[in-house]
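Working notes, structure below.
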Amino acid sequence: MIGGVLFGSFFVLLLLGVPVAFSLGVAACISLVAMGGFGELSIVPNVFTASVASETLLAIPFFILAGVIMEYAGISRRLVDLAHACVGGRKHGLAIVVIVAAFFFSAISGSGPATVAAIGSILIPALIRHGYAARHATSLLASAGSMGIIVPPSVAFIVFAVVVSDYAGVSIVRLFVAGIVPGILLAVALVAASLFLPRTQPVKVAAGGSGGDAGGTGDHGGTADGGDAGTPPSGEALDATASQGFAASFGKAIPGLLVPLIILGGIYGGIVTPTESAVVAAVYALLVGLFVYREISPRQLYRILVTASAQSAVVMLIVGAASVFAYVVTVNQIAEDLSDALLGLTDNTVLIVLLAIVVLLIVGAFIDAVSALYLFVPIIAPVLLEAGVDVTTIGVMMVVNLALGLVTPPVGVNLFVAAGIAKVPLIEVVKGIRPFFAAGLIVLLLVSYVPQLSNWLPDLLGF
Amino acid sequence: MHRSTSERVLTVAENVLAAVPFAVVAVVAFVNVFSRYFLNASLAFTSELTVNLAVWMVTMGAVIGLREGAHLGFSALHDKATGLLRQVMTILITAAILVFLAVLLYFGIDMMIGQIDSGRATPSIGVPQWLFTAALPVGAVFGVYRTLQASRAGFHRSTVDSQPSEEADR
Amino acid sequence: TPNAPVYTWDMTVTVGESSTWYKAAQRFAETLSRESGGRMKLRVFTGEQLSAGDPAAGVEQLMNGDKDFSYNSTIIYAGIDPRFGAINAPFLYRDYDEADRALNSGAVEAYEKLSSEFGVKMLGFGESGFRQLTNNVRPVGKPEDLAGIKVRIPGIGMFTDIFRRLGANPTTMNFSEVFTSLQQGTIEGQENPMDVISSAGLAEVQRHLTVWNYVYDPLILGMNQDLFRSLSPEDRDIVEQAAADANAFQIETNRGLEQQQIDEQSKLMTTTVPTDAQIARFRAAVRPLYEAYESVWGPDMVRAVSPER
Ligand code: NA
Ligand code: NA
């Protein structure tokens, strides 16, 4: 009964247009009152603060901060330049540059939309100038950005580790390492899909064109009042630097390329925990921005902090509200009932996994990855564990599944960001997404049914 | 103009209440790593400070999110609706957000009072716990204002990461 | 009686389903149901699931009536009010006999009284047991052996101070990251009751075990006090007797298991059991803490927990 009230009111609120975090929170409040009157609501601030004040989840704001700093510092632009120097010269080279650059940036960013925002403001205009239709340029960026939560570090893996701990223990580090091979697979699949993109003749743009305007469309926009504008890269910059050649681009990108080494190497080498690695990465990026590239002025620190705290809060508010939602699920043992119902349908592992995939694809179309993990790990993880799937594979499978949700309408964060950067209607992005979605689906099926893809590397490295 | 001045003060207050805790948390966390590895002395007490300050960062950051229309949601039906239907939907969305903020406000104050009564303080450095819990009612008050403001504008910007909305450009 | 009230209560334990805490809580639930003729239903949740995994927030729920029962360590209560930490003082009791004598001659009453101040009816003590040390650097048998070892501790000030005094490098960390961090060397040691050391399989990533009984860690079986007072005298009897039975069962099971676990783990790690003389040296090393903490714990609690020697 309460389960009906909880999920029912959640979906009504969501469809009405209430932001996901508030839909979760209000649905939980309605259910609490239905359970035992207004007094039950005293649980809300208690669970909200308990969930938000978590040492493990503190990694999320830190990784977001690191990503924002890296964009201000000019690290992302130099990674794009390097990718361009590596593969830019070939046919469809620029499309491959997008995927390679997104992979680089995914290795330093923990979120999908941050990845799209970081490289999209340079690469979407460049793709369009090179003859790609806006719908293909934006959908390619949106899809490539979904590697952000698969390739470590990953906000989604952190949340999965926290939520799944009630059913099975798995460390964040193991999940991070497990995401590497699937991330590479997705990159390869996206490259394959991009080879079929139609292209017209490149458009010649006069030097010193509209770059200044494009500069304002990164994720710097509007979160802090006043202050001078950041220095997000413009589309033309890419063509100018492309001629530098591999050695020069590589040299300039080294500080950026060191970030994944600091994060994974720091954790693997036993120097820092995942949360600490994020803060070390942020400080490192800041030092690079201040003293190596000199693209960050001390005054910009305030803007960086405000931007990063707002971006973090958008995720963490969902964590807090979803935890209250999860409280209602737990006390009413709703997840157990749904899990049992799911297990009652079939005992065929192949079918159960397929069922989980379909459920998460539908869920991922409407809600973000963090909400989906809080809502559905308690229902799906016990079922898959019972069916004999290992917890690492479950984590990778759910995260890849929800990474596809980032590019599935109606609610696909990466689509929103890409559309926002390119200033094209959302529907245009959606039209171009099909080949990339198909590529992602193939990878999803592979990681779901071949546990070695997730487990091989962490087992090899002994995590 | 009077209103734009107060608006600017409010914005700065929100930004500072989110950014300063964030800066403190990041600096303390970094100093902890640094001292553990280079001074061989970890500041074990710092984790209670960092995790609790996160509550301020999150609630005030969420207010900025309301201000910027950055909270993620499914806006397709609301965007398509016109006329009276749209107005009704706008009111319902506003009401829903306000309900959650009201719960955080009322029961957050309740929780603060309980913590003041029991004298709960963080275990290592003894900061009164209610100072952290205060983020909920304070954030809720700011949030109510920003919600009403967004409601008057019809929730026009509702995407993510403070990206300008694709809707706004149609 | 046909009109007697029917209850559905929630209880949490901090650890998982394989723990003696959970088994005792289940036994508590069964006894309540049986003795009340099915009127008292108790649902048990593991892993602090009702407070997003945060035990201190869970104790707050118990205190303000959002939750009905819990097993929580006094270490967690000390996060709300440091007086609860008196019984966790370092090297306070040599063994269970000494702990039992202190508990039976005033400590239990003192904790009942203290809990009552916070709206918790204490239905007796269970026991997480004595906390032991594991590490990867060297066998630890005297204070100097701890020099510079990076030890993960609970996030309570007293533990930082203990390990500082002993010359170690204490650090806090979420328990879910402890195994990997020990494996990778981010930390070199940790301290916990034997049950945790054993069930987390820490021997896979730790070389040395020290059975030094350095902190006694009792569990408060707490019930929300308003709820307790709202019960009829007969129902209070049922609850109190069921609680006493559950606590006795938990302690007996835990102690039996602990010896078995020490025997097993000794085969997997080099094991040091410090002599009385060595323990005296540890105790001397942390003596200044007692002076510093007496004002924190308060004279009543200090007197109540002091060993009967
Ligand atoms: Na990533
Ligand atoms: Na979606």
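Note that the structure is predicted; figures quoted are calculated from it, not measured.
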What's the shortest heavy-atom distance between [X] and [Y], and which atoms?
{"X": "B/Phe22", "Y": "A/Ser312", "result": "CE1-OG, 3.9 Å"}
{"X": "B/Ala18", "Y": "A/Ser309", "result": "CB-OG, 3.6 Å"}
{"X": "A/Phe416", "Y": "B/Gly73", "result": "CE1-O, 4.2 Å"}
{"X": "A/Ala313", "Y": "B/Ala62", "result": "CB-N, 3.2 Å"}

Look at [options] and state which one has the largest set of heavy-atom pairs under 4.5 Å with chain B.
{"options": "A/Gly320, A/Pro61, A/Ala278, A/Ser371", "answer": "A/Pro61"}
{"options": "A/Pro409, A/Ala282, A/Pro410", "answer": "A/Pro410"}
{"options": "A/Asn46, A/Leu301, A/Leu13, A/Val18", "answer": "A/Val18"}
{"options": "A/Ile304, A/Leu305, A/Asp368, A/Val429", "answer": "A/Leu305"}
{"options": "A/Thr273, A/Val52, A/Val272", "answer": "A/Val52"}

Exercise. Step by step, work out the side-chain contact (heavy atoms from CB on, under 4.5 Å) result for A/Phe62 and B/Val25.
Key: CA-CA 9 Å; A/Phe62 286 160; B/Val25 168; 3.4 Å; yes

State, with a plain yes or no, whether a side-chain heavy atom of [X] is found less than 4.5 Å away from one of [Y].
{"X": "A/Pro19", "Y": "B/Leu72", "answer": "no"}
{"X": "B/Leu101", "Y": "A/Phe22", "answer": "yes"}
{"X": "B/Tyr106", "Y": "A/Leu41", "answer": "no"}
{"X": "A/Leu16", "Y": "B/Phe74", "answer": "no"}
{"X": "B/Phe100", "Y": "A/Val44", "answer": "yes"}

Looking at [options], which makes the most heavy-atom pairs under 4.5 Å with chain A?
{"options": "B/Leu136, B/Thr133, B/Asp110, B/Val63", "value": "B/Leu136"}
{"options": "B/Ala19, B/Ala76, B/Ala135, B/Ala81", "value": "B/Ala19"}
{"options": "B/Val33, B/Leu77, B/Val99, B/Ile97", "value": "B/Ile97"}

Self-check item: Contact residues of residues 49-58 of chain B (partner chain A; heavy-atom separation under 4.5 angstrom)
Solution: B/Thr50, B/Val51, B/Asn52, B/Ala54, B/Val55, B/Met57, B/Val58

Region of [X] that comes under 4.5 Å of a non-hydrogen atom in chain A:
{"X": "B/Leu92", "answer": "both"}
{"X": "B/Leu104", "answer": "side chain"}
{"X": "B/Thr94", "answer": "neither"}

How long is the gap from [atom1] on [X] to [atom2] on [Y], to the nearest 0.5 Å?
{"X": "A/Leu426", "Y": "B/Asp79", "atom1": "CG", "atom2": "CG", "answer": "9.5 Å"}
{"X": "A/Arg303", "Y": "B/Asn15", "atom1": "CZ", "atom2": "CG", "answer": "10.0 Å"}
{"X": "B/Phe107", "Y": "A/Glu40", "atom1": "CZ", "atom2": "CD", "answer": "10.0 Å"}
{"X": "A/Leu15", "Y": "B/Ser75", "atom1": "CG", "atom2": "OG", "answer": "11.5 Å"}

Self-check item: Worked verdict on A/Val20 versus B/His71 for side-chain contact (heavy atoms from CB on, under 4.5 Å)
Solution: CA-CA 8 Å; A/Val20 186; B/His71 291 289; over 6 Å; no

Practice problem: Step through the shown structure and confirm whether more than 12 heavy atoms of other residues, nucleotides or ligands are within 6.0 Å of CZ on B/Phe30. | Solution: yes

Self-check item: Part of A/Val283 lying under 4.5 Å from any heavy atom of chain B
Solution: side chain

Quiz item: Which region of A/Phe48, side chain (C-beta onward) or backbone (N, CA, C, O), has a non-hydrogen atom less than 4.5 Å from a non-hydrogen atom of chain B, or is it both or neither?
Solution: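 The side chain, not the backbone.
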
Exercise. Under the side-chain contact (heavy atoms from CB on, under 4.5 Å) rule, what do A/Thr49 and B/Phe132 come out as? Steps first, then yes or no, please.
Key: CA-CA 9 Å; A/Thr49 49; B/Phe132 301 113; over 6 Å; no

